[in-house]
Amino acid sequence: MSVAEEFETLRIEDRGDVRVVVLDRPKVLNAIDEQVIDELTRCLERAASSGRRGLVLAGAGKAFAAGADIAAMADMTPEQALRFAEKGHAVGEMLARIPMCTIAAVGGFALGGGCELALACDFIVASTKAKFGQPEVKLGVIPGFGGTQRLARRVGLAHALELCMTGAIIDAARAAEIGLVNRVVEPDVLLETAVATAQAIAEQGPVAVARVKDVLHRGVDLPLDEANRLEREAFAALFDTADQKEGMRAFLDKRSPRFTGK
Ligand code: CO8
């Protein structure tokens, strides 16, 4: 069975070195239920061993994802809610640990768990039609997929508190202003912009890209001296790779490098 045939709630397509994963439940604005979480988990495992060097996550239709599936959550017990949230957190951790760039291409609603999923990617590229929010308080709950903590780290405590406590929905321009998204583009070029960005990253030294992602994701939660130690150690370790020899030799020879990821 091909990777694409393996999933009911996701569409998978490879473009160059980049795997494009599309959340595909447009009738419910790509709401995230347990099947979506399970399929994302498997899809990320496949991507890690696929030889691809970048991943773009997008949504079918007018939403990225309008949150966790409210119909599926409405009657959950606290134990079931905890299990669901733990599975969601595991997906977020996989996105942070996968040794390639992950970019969320958000062209519509990214609300609740949808905003949290986008936040779990390395960064977000949005279209002018994107809308972001953590409206959980309107439902009597809070974000449960890492949103409170990732949002505070991305946009600062005060903006995170305002978004999570008001449940307000903000547009792409405001999201860019507070640093939630890296770039806003027209809707018709959203996917190609995200894929081109991921492809450009995929063409850099793969071991270096994986290490710099790891150093940044882990270092940001450490005291500065420990984080700087992580950086020094990773910098030094890269001098034991073929990619470092090739990258520097190619510069000196005035040619493009041919990285092998070793
Ligand atoms: N869950 C289930 N179904 C949904 C969801 C959702 N989150 N969002 C939309 N839908 C469904 C609607 O019920 C509707 O179905 P139907 O056609 O059968 O009535 C269909 O999608 C289309 O939606 P609308 O008709 O409402 O479309 P509108 O364009 O009028 O409105 C909105 C779009 C504003 C996005 C609106 O749909 C909305 O407010 N949706 C809910 C947004 C929300 O509250 N999200 C947060 C959910 S809670 C959450 O994410 C907690 C995460 C923490 C746990 C995660 C663990 C993994």
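Treat the numbers as computed from the prediction; the structure is a model and nothing was measured. Read the numbers this way: they start at 1 and go in the same order the structure lists the ligands and their atoms. FYI, the numbering just counts along the sequence from 1.
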Exercise. Determine yes or no for a side-chain-to-main-chain donor-acceptor pair under 3.5 angstrom, with Asp33 supplying the side chain and Ala72 the backbone.
Key: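 Looks like no, no N/O pair under 3.5 Å.
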Quiz item: Hey, quick one: are Val207 and Val212 part of the same hydrophobic cluster, counting side-chain heavy atoms closer than 4.5 Å, chains of contacts allowed?
Solution: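 Cluster IDs for Val207 and Val212 differ.
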Quiz item: Tell me, which residues have any heavy atom less than 4.0 Å from some atom of ligand 1?
Solution: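 Within 4.0 Å of ligand 1, protein side: Lys27, Val28, Leu29, Ala31, Ile37, Lys62, Ala66, Gly67, Ala68, Asp69, Ile70, Met73, Phe84, Gly88, Phe109, Leu111, Gly112, Gly113, Glu116, Pro135, Glu136, Leu139, Gly144, Phe145.
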Quiz item: Is the shortest distance from a Lys or Arg side-chain nitrogen in Arg19 or Glu13 to a carboxylate oxygen in the other one below 4.0 Å?
Solution: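 Judged by the 4.0 Å cut-off on N to carboxylate O distance, Arg19 and Glu13 do not form a salt bridge.
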Quiz prompt | Pairs flagged by ring pair (Phe, Tyr, Trp, His ring centres under 6.0 Å) wherever residues 89-125 is involved - sequence neighbours left out | solution =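 Listed once each, the pairs would be none.
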Practice problem: Apply ring-ring contact (aromatic ring centres under 6.0 Å, His included) to Phe235 and list each qualifying residue two or more places apart in sequence or on a separate chain. | Solution: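 Counting only residues at least two positions away or on another chain, Phe235 forms a ring-ring contact (aromatic ring centres under 6.0 Å, His included) with Phe239.
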Practice problem: Identify, with sequence neighbours excluded, every residue that meets salt bridge (Lys or Arg N to Asp or Glu O under 4.0 Å) alongside Arg174. | Solution: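 Arg174 satisfies salt bridge (Lys or Arg N to Asp or Glu O under 4.0 Å) with Glu177 once adjacent residues are dropped.
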